[in-house]
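All remarks here apply to the structure that follows.
What you see below is based on every heavy atom in this structure, not just the backbone, and it leaves out hydrogens, waters and symmetry mates. The first residue of the sequence shown is numbered 1, and numbering continues consecutively from there.
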Amino acid sequence: MSNETSVLVPVAVLQGEALSEALVDLLSSVEVTLLGYHEIPDQTATEQAHDQFNEQMQRKLDEYVDLFETHDGTVTPRTVFTHDAPETFKRIAIEADIGAILVTNPAPAIDRVLVPIRGPVNLDPILTMTSALVDDADIVLFHAAPSDEKRADGEDLLSTAAAQLEAGGVGPERIDRQLTVSDAPIRAISDAATTTGLVVIGEKEPSVVDIIFGDAADRIAEASASPVLVVRTNRPDED
């Protein structure tokens, strides 16, 4: 399986973070790196934390490996102790050329997947990941146009995305297109996500709002209570 459809799944197992069986079932169609992680204070050495907690973390990860294998999934478990979890996720994803990173949230059922489309740039990796993940769930293609004057551009964008999904084998009856006009796209996406079980979104460079209020994916996950899969884009030019 290509790295383009591989997913990094970080789980803070020592804090009781869990993966639902519905989410494991969905991820069983792609290659998963299951990352048990524990964020430690700056004054604590990673070697010390590893010696103290790694065995406990590994036992919990083994339970999830068994669950993935029950669903015929391909999973590689890893553990890490870190002073900066987000930076560690990014580093591991770059080193292993992993296609997406999951922001976990409970997902008792995943029968509708929201795919917010910002623009034509990086559309291919987002739709490739969506096609690889989704077996029989419905897909909601969503675009928040900044003004009424931009509605037509948004409709064209959604039509292009729908056609690409159909070319990838997704039946047209499973594709819904939604467009709204909003000057607060993250809020619009969060509202739309309340009726879906998973959000698949492309990464972007952090804006000032992201720096103040947190990364867009984290804000969507917090507001919607849905897991958010962040598809890595602009990968060849990463630092």
Side-chain angles (χ1 to χ4, degrees), residues 1-10 22-35 68 71-76 89-90 92-104 107 110-144 154-179 185 189 192-193 196-205 215-217 220-221 226-238:
M1 187 173 296
S2 69
N3 286 336
E4 190 174 27
T5 55
S6 58
V7 177
L8 179 66
V9 181
L23 189 56
V24 170
D25 183 48
L26 184 82
L27 293 169
S28 65
S29 60
V30 298
E31 186 176 302
V32 169
T33 296
L34 183 63
L35 183 67
F68 272 99
H71 289 271
D72 298 321
T74 301
V75 59
T76 301
F89 303 160
K90 179 181 177 181
I92 291 173
I94 292 172
E95 288 175 355
D97 194 24
I98 294 172
I101 302 174
L102 185 74
V103 180
T104 56
I110 303 176
D111 52 11
R112 282 167 60 86
V113 176
L114 181 72
V115 185
I117 304 296
R118 295 190 182 102
V121 177
N122 299 320
L123 186 60
D124 286 353
I126 296 169
L127 297 180
T128 297
M129 177 63 71
T130 301
S131 297
L133 270 177
V134 176
D135 184 14
D136 54 4
D138 293 334
I139 298 172
V140 180
L141 297 171
F142 180 87
H143 179 71
E155 294 286 2
D156 289 343
L157 180 63
L158 293 178
S159 295
T160 298
Q164 188 165 332
L165 285 176
E166 290 179 35
V170 180
E173 73 282 356
R174 290 171 43 212
I175 303 172
D176 183 22
R177 286 177 272 178
Q178 294 184 10
L179 185 144
I189 294 169
T196 58
L198 174 73
V199 180
V200 180
I201 192 170
E203 68 179 352
K204 68 181 184 68
E205 290 300 317
D215 182 79
I220 293 168
S226 298
V228 178
L229 188 65
V230 184
V231 178
R232 293 176 53 229
T233 52
N234 300 320
R235 291 159 65 185
D237 299 323
E238 286 171 320

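- A donor-acceptor pair is defined here as one N or O able to donate and one able to accept, closer than 3.5 Å; no such pair exists between the side chain of Ser131 and the backbone of Thr128.
- At a threshold of 4.5 Å between non-hydrogen side-chain atoms, the residues Val199 and Leu229 do not count as touching.
- For Met129 against Thr5, the heavy-atom pair with the smallest separation is CE-CA, 3.6 Å.
- When all heavy atoms are compared, the tightest approach of Ala162 to Leu141 is N-CD1, 3.5 Å.
- Residues Leu23 and Pro227 share a closest heavy-atom pair of CD1-CG, 4.2 Å.
- For the atom pair CG (Leu157) and CZ (Arg177), the distance works out to 11.0 Å, reported to the nearest 0.5 Å.
- In this structure, CG in Leu165 is found 6.5 Å from OG1 in Thr130, a value given to the nearest 0.5 Å.
- Remark: side-chain polar atoms of Ser226 are not paired, donor with acceptor, to backbone N or O of Leu198 under 3.5 angstrom.
- Judged as a side chain to side chain donor-acceptor pair (under 3.5 Å), and not counting sequence neighbours, Asp138 has no contacts.
- Note that OG1 of Thr33 is 6.0 Å distant from CG of Leu8, once rounded to the nearest 0.5 Å.
- The CG atom of Leu26 lies 7.5 Å from the OG atom of Ser28; values are rounded to the nearest 0.5 Å.
- Without hydrogens or angle criteria, Ser29 side chain to Ala132 main chain gives a donor-acceptor distance under 3.5 Å.
- The one candidate from Thr74, Leu27, Thr76 that meets the side-chain contact (heavy atoms from CB on, under 4.5 Å) condition with Val32 is Leu27.
- For Phe68, there are no ring pair (Phe, Tyr, Trp, His ring centres under 6.0 Å) partners at least two apart in sequence or on another chain.
- Between the side chain of Arg232 and the backbone N or O of Ile101 there is no donor-acceptor pair closer than 3.5 Å.
- When the side chain to side chain donor-acceptor pair (under 3.5 Å) test is applied to Thr160, no partner is found at least two apart in sequence or on another chain.
- Sorted by first and then second residue, the side-chain hydrogen bond (donor to acceptor under 3.5 Å, both in side chains) pairs involving residues 111-121 (not counting sequence neighbours) form an empty list.
- When every heavy atom of Val231 is checked against every heavy atom of Pro125, the shortest pair comes out as CG1-O, 3.7 Å.
- Checked against salt bridge (Lys or Arg N to Asp or Glu O under 4.0 Å), Glu173 has no partners two or more places apart in sequence or in another chain.
- For the side-chain contact (heavy atoms from CB on, under 4.5 Å) with Ile175, the qualifying choice from Val170, Val115, Val140 is Val170, the only one to do so.
- Between the side chain of Ser6 and the backbone N or O of Gly99 there is at least one donor-acceptor pair closer than 3.5 Å.
- Checked against side chain to side chain donor-acceptor pair (under 3.5 Å), Glu155 has no partners two or more places apart in sequence or in another chain.
- Without hydrogens or angle criteria, His143 side chain to Leu179 main chain gives no donor-acceptor distance under 3.5 Å.
- A donor-acceptor distance shorter than 3.5 angstrom exists from the side chain of Arg174 to the backbone of Ala137, with no hydrogens or angles considered.
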